[in-house]
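Let me begin by presenting the structure, written as structure tokens, before commenting on it.
Every number for a ligand or one of its atoms is a count from 1 in the order of the listing. Just so you know, these numbers come straight off a predicted model, no measurement behind them. Just the heavy atoms: all of them, side chains too, but no hydrogens, waters or symmetry mates, feed the values below.
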Amino acid sequence: MRVIVTGGAGFIGSHLCEAYMTAGHECICVDNLITGRLSNIAHLIGQPGFSFRQHNICDPLFVDGVIDLILHFSSPASPSDYLAHPIATLKVGSLGTYNALGLAKSKNSRFILASTSEVYGDPDVHPQTEDYWGNVNPVGPRSCYDEAKRFAEAITMAYHRSLDVNTGIVRIFNTYGPRMRLNDGRVLPALMGQVLRNEPMTVFGDGSQTRSFCYVTDLVDGIMRLAASEEHFPVNIGNPSELTILEFAKEIGSLELDYKQGIIMQPLPEDDPKRRRPDITLARTILGWEPKVVRREGLRQTLDYFKSELGL
Ligand code: UDP
């Protein structure tokens, strides 16, 4: 296949490029490098079948030849990134998705939209199933991301329903692993950076809010299965193993035996979801997918990556 990955120099996008290249496909990586990094794809540049185009998908993209699959993964995704780039986030979710869908239509490609558990907002239903419509504040600080992704889902379904484009939607829950940016502001890089610099760990609020963390290789496996399927409706991909952020901080602190700093509490950001856990019955049933990497092993791999980033 010839595959386009928008956001291909980002955390998840670069793992997708690598996985499709490893499986023997050609890959065109498109990224404007706002939050993506060339270092994420340095090992792929120069490999036969791989190409990189620095391009903002908010502008139309023209590509020669056959395109079998478009994975639309460009968007700032960490709260501090999208709060720093709210308009770019809204534009890539709307104009960027429109352009990527237009390309899929012209090339007759399978199209996969990277959506998010944020479409559920601060959920009233727990765990979150795909048929839950969500509880999103449309004018809160997180709305630039949540509503951009909800619009992206809506336009994707409209292209499917009215133009018969072969679309699919993956709702991605918290994901971690190598190639996250140490300073992206998300909880895992923040805490690991603090552990490696021997600083106290920052937990927001009382730490009782929960998340469920999926290792990136498990996520990529789920996305590849969805891309190979004929499913058009959203599918949750995430690891249902849920824990509080306070428990998570303690687990990360325990990875380094000589780490003795404590935890300091900081104010909870506005509209921070209280609970989040995917119901993955649908992915299990239609994709035969199941996460495999146990958290402690995934955390070790990620900590080793950050150590090498810091030259430790
Ligand atoms: N968080 C924290 N300390 C930090 C960064 C984040 O306690 O240094 C909390 C944040 O308030 C949220 C959770 O960790 O409750 C996950 O935050 P993240 O930014 O990783 O992503 P989210 O799941 O909110 O999109």
### Task
Could you pull out all residues at least two apart from His43 that satisfy side chain to side chain donor-acceptor pair (under 3.5 Å)?
Glu18, Arg179
### Task
For the residue pair Thr244 and Thr210, establish whether any side-chain heavy-atom pair is separated by less than 4.5 Å.
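In short, these two side chains touch, coming nearer than 4.5 Å.
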### Message
Here's a test for you: under side chain to side chain contact (heavy atoms under 4.5 Å, CB included), which of Ile57, Val5, Thr97, Asn32 qualifies with Ser74?
### Response
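Exactly one pass, corresponding to Ile57.
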Check ligand 1 for close polar pairs with the protein: N or O on both sides, less than 3.5 Å.
from     : atom 1 : to     : atom 2 : distance (Å)
ligand 1 : 3 (N)  : Thr202 : O      : 2.8
ligand 1 : 7 (O)  : Phe204 : N      : 2.7
ligand 1 : 8 (O)  : Thr202 : O      : 3.4
ligand 1 : 8 (O)  : Thr202 : OG1    : 2.9
ligand 1 : 11 (O) : Asp272 : OD2    : 2.6
ligand 1 : 15 (O) : Gln209 : NE2    : 3.0
ligand 1 : 15 (O) : Arg211 : NH2    : 3.4
ligand 1 : 15 (O) : Asp272 : OD1    : 2.6
ligand 1 : 15 (O) : Asp272 : OD2    : 3.3
ligand 1 : 20 (O) : Val187 : N      : 2.8
ligand 1 : 23 (O) : Asn174 : ND2    : 2.9
ligand 1 : 23 (O) : Arg211 : NE     : 2.6
ligand 1 : 23 (O) : Arg276 : NH1    : 2.8
ligand 1 : 24 (O) : Arg142 : NH2    : 3.0
ligand 1 : 24 (O) : Arg211 : NH2    : 3.1
ligand 1 : 25 (O) : Arg142 : NH2    : 3.1

### Task
Decide whether Glu230 and His232 meet the rule of one side-chain donor and one side-chain acceptor closer than 3.5 Å.
no
### Message
Can you tell me which residue among Arg276, Arg150, Arg211 is in a salt bridge (charged side-chain N to carboxylate O under 4.0 Å, His left out) with Glu118?
### Response
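The option that passes is Arg276.
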### Task
For Gln261 and Asn198, indicate whether the former's side chain and the latter's backbone hold a donor-acceptor pair under 3.5 Å.
yes
